[in-house]
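The structure appears right after this line, and notes come after that.
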Amino acid sequence: MSIACCIPVVECVYCLACVRWAWRRCIYTAGYESENWGLATSEEFDPVPRLCRIILANYEDDLHNPIWEPPGGYGLDPDWMMVKKNHEHTGGRSSPYLIYIDHKNADVVLAIRGLNLAIESDYAVLLDNKLGQTKFCGGYVHNGLLKAAQWVFDTECGVLRELIEKNPNYRLTFAGHSLGAGIVALMTIYALQNRGRLGNIERKRIRCFAVAPPRCMSLNLAVRYADVINSVVLQDDFLPRTTMALEDVFKSLICFPCLLCIMCLKDTCTLEEKVLKDPRRLYAPGRLYHIVERRPLRIGRFPPIVRTAVPVDGRFEHMVLSCNATADHAIIWIERESQRAFDLMLANDRMMEIPGEQRMERKESLAREHSQEYEAALQRAVALDIPHAQASYGTFLDAEEGETSGGSSSGTAAAAAATSSSWSFGKMRERLDSFVDRMFDVDEFGHMVFKKSVP
């Protein structure tokens, strides 16, 4: 009898737990994931809208007579287009791509478009993967995307090398959207391993912008190459958060809300420690730029802000129950919102009336902060005992070399925590000193006074 009386109580507790879980998932928004990240500056975010327009140019048959150009046009000179290949040229081994030499911005750009829902070969590339199938450069990567990246690089490295040698001060930029974002992210790693084929170009001249990327590399690679690979994600975009097999995703597109609910339940019931310790699990690559334009329980879009970080844990790990999960994946929306965000950054800079000399100092400070943040991420990866991760660049172990022992890991973790703490204090001190130098002067009596130029 007593047991029978307990059953309704257990049922009530279970129902309350389910309601609490559903409520928390429904009010969970993508803005929470990046709420503790720093704000991006106009200098570092400047290439994003321009590269989005170059990616969009892949959809045009003739740039002299464009049909699908965004508001304001592409801003491209058709005569600077060196290579443009469609599905017939690639033979289904990659999405269409182009090579554009941007003389205005001293940039050689290889841009790959996203998935074409009407082309079967694009699905074949994206679905050609199984968990832990392919090891590359000391980590795990997406098999189909790696093969596509190697094919594009092997096909075009001669053209790229010629353009780089003719323009020794230009940067080499790989850019892509969706399927193309995964390809260029892995192509960047492949190019860094084969810089001799590009005329021994310096590492600092190579960079990548992956727009709305799929999860294509293991966590140690995602953090290791965060100094050259940048991922751009618009608010609730589903693809960088999709942890289940992509094959199941596309099979379930008819009932996409059901799929989101199942994935949310799966993510909620999976322990974070177990997730981080799985070396085969794939992640969005590199440094993350998160464009946030909506707020919970609010209607409409707000002025977009861009947050950036090199996170180790909390790297877009949870699906967002949102009606915009698929719309935020569209390159048209990403280009539009990134341009809005960049215009707001420029407006704020003009309001602050930053002199040219201080702007140059800010660029140098930004590069220094990114380097420190990158090193801190490496330290954080070691502290969390991420498989194949070590504290300094270039020392990630290949699988053949084995993993570090538990004892050495604990010692390294303690050192990593100390280094991370000292890094945070040093960065805070440096910012405070910079603020004081900008706002105050020392008068003839040795007292600190406000600068006259500062209102």
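These figures come from a predicted structure and were not determined experimentally.
No side-chain donor-acceptor contact under 3.5 Å links Asp343 to the backbone of Leu346. With His290 contributing its side chain and Gln235 its backbone, the two residues share a donor-acceptor pair below 3.5 Å. A donor-acceptor pair is defined here as one N or O able to donate and one able to accept, closer than 3.5 Å; such a pair exists between the side chain of Asn58 and the backbone of Ile55. No donor-acceptor distance shorter than 3.5 angstrom exists from the side chain of Asn169 to the backbone of Ala106, with no hydrogens or angles considered. Between the side chain of Arg205 and the backbone N or O of Pro168, at least one donor-acceptor pair lies under 3.5 Å. The backbone N or O of Asp236 sits less than 3.5 Å from a side-chain atom of Asp328, completing a donor-acceptor pair. Panel note: side chain Thr90, backbone Ser95; no donor-acceptor pair is recorded below 3.5 Å. Distance alone, capped at 3.5 Å, places no donor-acceptor pair between the Arg93 side chain and the Ser121 backbone. Between the side chain of Arg207 and the main chain of Val228, no donor-acceptor pair closer than 3.5 Å is present. Of the possible polar contacts, none joining the Asp107 side chain to the Val109 backbone as a donor-acceptor pair under 3.5 Å is found.
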Chi angles and distances behind the side chain to side chain contact (heavy atoms under 4.5 Å, CB included) call for Thr155, Tyr97: CA-CA 12 Å; Thr155 303; Tyr97 62 88; 4.0 Å; yes
Side chain to side chain contact (heavy atoms under 4.5 Å, CB included) evaluation trace for Cys52 with Ile331: CA-CA 7 Å; Cys52 286; Ile331 184 66; 4.1 Å; yes
Stepwise side chain to side chain contact (heavy atoms under 4.5 Å, CB included) check, Ser231 with Leu288: CA-CA 5 Å; Ser231 291; Leu288 301 179; 3.6 Å; yes
Worked check of side chain to side chain contact (heavy atoms under 4.5 Å, CB included) between Arg307 and Glu35: CA-CA 8 Å; Arg307 301 170 182 157; Glu35 61 182 349; 4.2 Å; yes
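Here the side chains of Tyr123 and Leu117 are in contact, with some heavy-atom distance below 4.5 Å. For the pair Asn116 and Leu179, the minimum side-chain heavy-atom distance is 4.5 Å or more. Considering only heavy atoms from C-beta on, Val48 stays 4.5 Å or farther from Phe342 through its side chain. Under the 4.5 Å side-chain criterion, counting only non-hydrogen atoms from C-beta, Trp333 is not in contact with Asn324. Inter-residue side-chain proximity for Leu160 and Ile201 is flagged as unmet; no heavy-atom pair is nearer than 4.5 Å. Looking only at side-chain heavy atoms (C-beta outward), Asn194 and Cys157 stay at 4.5 Å or farther from each other. With a 4.5 Å cut-off on side-chain heavy atoms, Ile189 and Ile229 count as touching. With contacts defined as side-chain heavy-atom distances shorter than 4.5 Å, the pair His142/Arg215 does not qualify.
Between Gln193 and Cys137, the shortest heavy-atom distance links the atoms NE2-SG, 3.4 Å. Contact detail for Met81 and Lys84: the closest heavy-atom pair is CG-CB, 4.4 Å. Residue Pro49 comes nearest to Glu335 through the heavy atom pair O-CG, 4.2 Å, listed as atom of the first residue, atom of the second, then distance. Taking every heavy atom of both residues into account, Pro303 and Leu344 meet most closely at CB-CD1, 3.7 Å. Of all heavy-atom pairs between Leu39 and Glu44, the closest is O-OE2, 4.3 Å. The minimum heavy-atom distance linking Asn220 with Gly138 is given by the pair ND2-O, 2.9 Å.
Seen from the ring of Tyr140, Arg280 does not count as a face-on cation partner, given the 6.0 Å and 45° thresholds.
Tyr190 and Phe136 have tilted rings, their planes meeting at an angle from 30° to 60° on a 0 to 90° scale. Using the six-membered ring where Trp is involved, Phe45 and Tyr289 have ring planes that are tilted, between 30° and 60° apart. Below 30°, between 30° and 60°, or above 60°: for Trp37 and Phe316 the angle between ring planes is between 30° and 60°, a tilted geometry. Using bins of under 30°, 30° to 60° and over 60° for the plane-to-plane angle, the ring pair Tyr100/Trp80 lands in the tilted bin. Under the 30°/60° scheme for interplanar angles, the aromatic rings of His177 and His329 are found to be tilted.
For the atom pair CZ (Arg53) and OG (Ser338), the distance works out to 7.5 Å, reported to the nearest 0.5 Å. The line from NZ of Lys104 to CG of Leu76 is 9.0 Å long, rounded to the nearest 0.5 Å. Considering SG of Cys208 and CD1 of Ile183, their distance stands at 11.5 Å, rounded to 0.5 Å. Rounding to the nearest 0.5 angstrom, the gap separating the OG atom in Ser178 from the CD1 atom in Ile334 is 8.5 Å. A distance of 10.5 Å separates OG1 of Thr188 from CZ of Arg203, quoted to the nearest 0.5 Å. Considering CZ of Arg197 and CZ of Arg195, their distance stands at 14.0 Å, rounded to 0.5 Å.
Between Arg113 and Asp122 there is no salt bridge, since no side-chain nitrogen of the basic residue lies less than 4.0 Å from a carboxylate oxygen of the acidic one.
The neighbour count for Glu120 CD, taken as heavy atoms of other residues, nucleotides or ligands under 6.0 Å away, does not exceed 12. Atom CG of Asp62 has more than 12 neighbouring heavy atoms from other residues, nucleotides or ligands inside a 6.0 Å radius.
The side-chain hydrogen bond (donor to acceptor under 3.5 Å, both in side chains) test with Thr308 singles out one residue from Glu373, Arg287, His370, and that residue is Arg287.
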Enumerate, atom names and distances included, each donor-acceptor pair closer than 3.5 Å involving a side-chain atom of residues 66-75, sequence neighbours excluded.
residue: Tyr74; atom: OH; partner: Glu60; partner atom: OE2; Å: 2.6
residue: Tyr74; atom: OH; partner: Trp68; partner atom: O; Å: 3.4
residue: Tyr74; atom: OH; partner: Glu69; partner atom: N; Å: 3.4

